[in-house]
Amino acid sequence: MRSFLIITALIYYTCSAQQAFLSNAGALISIREQTFLSVLGDAYNSEEGLYHNRDTIFLTGDWIHNASNRCFDSILTGWVFLRGNNQHIGGKNITHFYNLVLSGQGTKYGDTDVVVNGTLFLTDKEFNLDDNTVYVTSSNTSSVERTSGFVSSLEDGGLSRATASDSTYLFPVGSSLGIFRYRPVEISPKSKNFNRFKVRFANADPSTEGFDRNKKFHLVCQINPQWYHKIWRTDGSDSANIYWRSR
């Protein structure tokens with residue numbers, strides 16, 4: 001039987017609406033197998049605070065990582081569920097999650113880059129990265145899963161995936177900025193060597209973002225004035241087949 005540990009607060013603000021949070025200021029928080037840690041509020045990590053997570057953390061507030069480490073001491077196990085309303089992942093340094101699950105309500109925000117070493121479960125949520133990137137380092141084709149969720153971003157942000165197969169990798173990207181659009185990309189590398197690709201969906205006229213359509217239209221007859229994709233191969237040297245779908 002699994003044990004269930006609930007931390008409602010370490011400090012309460014003295015205001016009409018009490019705000020609970022968990023602060024790990026340099027300690028080791030160890031969640032062993034068959035154990036849950038439920039944080040009803042925000043979680044702050046600082047002063048070399050470290051998590052030894054071998055099972056599951058549930059969080060209803062924001063995740064703020066200010067220590068100078070990876071936050072989690074292992075990249076081999078552990079689940080973190082964001083199960084509140086609108087939630088943010090931020091702080092001065094990048095958190096290296098293993099399995100990250102977006103659940104609850106609202107939109108989830110990456111205020112810094114985010115690393116997922118296992119599987120990113122988008123479920124039905126928007127993961128809004130702004131100009132940041134979520135890096136999925138596992139080369140498993142199933143390391144990004146969704147029902148109707150997607151990654152949105154601006155500028156040079158986006159979703160980065162490692163590949164080590166000639167199978168198809170899904171990049172579920174879209175935008176809720178202005179007109180909602182989900183425009184996923186599928187990338188099939190031409191080899192099983194290690195490569196890394198990154199994709200952003202831009203819900204805008206490419207001319208407004210520095211890609212003047214008037215300079216290219218004579219080469220392809222017509223360029224979509226409503227949206228476009230930015231695709232990078234950031235590691236490796238292999239070519240790939242790239243497909244996009246309207247839904």
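All of these numbers come straight from a predicted model, not from anything done at the bench.
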Other members of the hydrophobic cluster containing F211, with the 4.5 Å side-chain heavy-atom rule, please. Y228
Close side-chain approach of L170 to V144, heavy-atom, < 4.5 Å: no
Would you compute the distance between atom CG of N132 and atom CG of D111 and round it to the nearest 0.5 angstrom? 7.5 Å
Any side-chain heavy-atom pair from F150 and F201 closer than 4.5 angstrom? no
Given D73 and H52, is the side chain to side chain donor-acceptor pair (under 3.5 Å) satisfied, shown in steps? CA-CA 6 Å; D73 69 341; H52 181 88; 2.8 Å; yes
ILVMFWY clustering at 4.5 Å (side-chain atoms), partners of Y109: none
Between F36 and F81, does the ring centre distance come in under 6.0 Å? no
Aromatic ring pairing F97/W63, orientation class (parallel under 30°, perpendicular over 60°, tilted between): tilted
Just do the side chain to side chain donor-acceptor pair (under 3.5 Å) check on R196 and S160 with the steps written out, would you? CA-CA 7 Å; R196 197 185 307 274; S160 171; 4.7 Å; no
Check whether any side-chain heavy atom of T163 lies under 4.5 Å from a side-chain heavy atom of I187, and answer yes or no. no
Taking C-beta and beyond as the side chain, do D156 and K230 meet within less than 4.5 Å on heavy atoms? yes
Give me the other members of the hydrophobic cluster that I94 sits in, counting Ile, Leu, Val, Met, Phe, Trp and Tyr linked by side-chain heavy atoms under 4.5 Å, directly or via other members. V115, Y135
Inter-residue atom distance H88.NE2 - L82.CG, 0.5 Å rounding: 11.0 Å
Which label fits H229 and W244: parallel for a plane angle under 30°, tilted from 30 to 60°, or perpendicular past 60°? tilted
Nearest-0.5 Å distance, CG of residue N203 to CZ of residue R183: 8.0 Å
D238 vs S191, side chain to side chain donor-acceptor pair (under 3.5 Å): CA-CA, chis, key distance, verdict: CA-CA 7 Å; D238 295 295; S191 83; 2.9 Å; yes
What residues, two or more places apart in sequence or in another chain, satisfy side-chain hydrogen bond (donor to acceptor under 3.5 Å, both in side chains) together with T147? none
Report yes if the side chains of S188 and Y243 come closer than 4.5 Å at any heavy-atom pair, otherwise no. yes
Apart from L50 itself, what residues make up its hydrophobic cluster, given side-chain heavy atom links below 4.5 Å? L28
Just so I know, are the side chains of R70 and N117 near enough to count as touching, which here means a heavy-atom distance under 4.5 Å? yes
Can you check whether N45 reaches N69 side chain to side chain, under 4.5 Å on heavy atoms? yes
Close side-chain approach of P189 to F197, heavy-atom, < 4.5 Å: yes
Here's one to test your reading of the geometry: is the NZ or CZ of R146 within 45 degrees of the ring axis of Y182 and under 6.0 Å from its centre? yes
Under the salt bridge (Lys or Arg N to Asp or Glu O under 4.0 Å) rule, collect the residues that match up with R233, sequence neighbours excluded. none
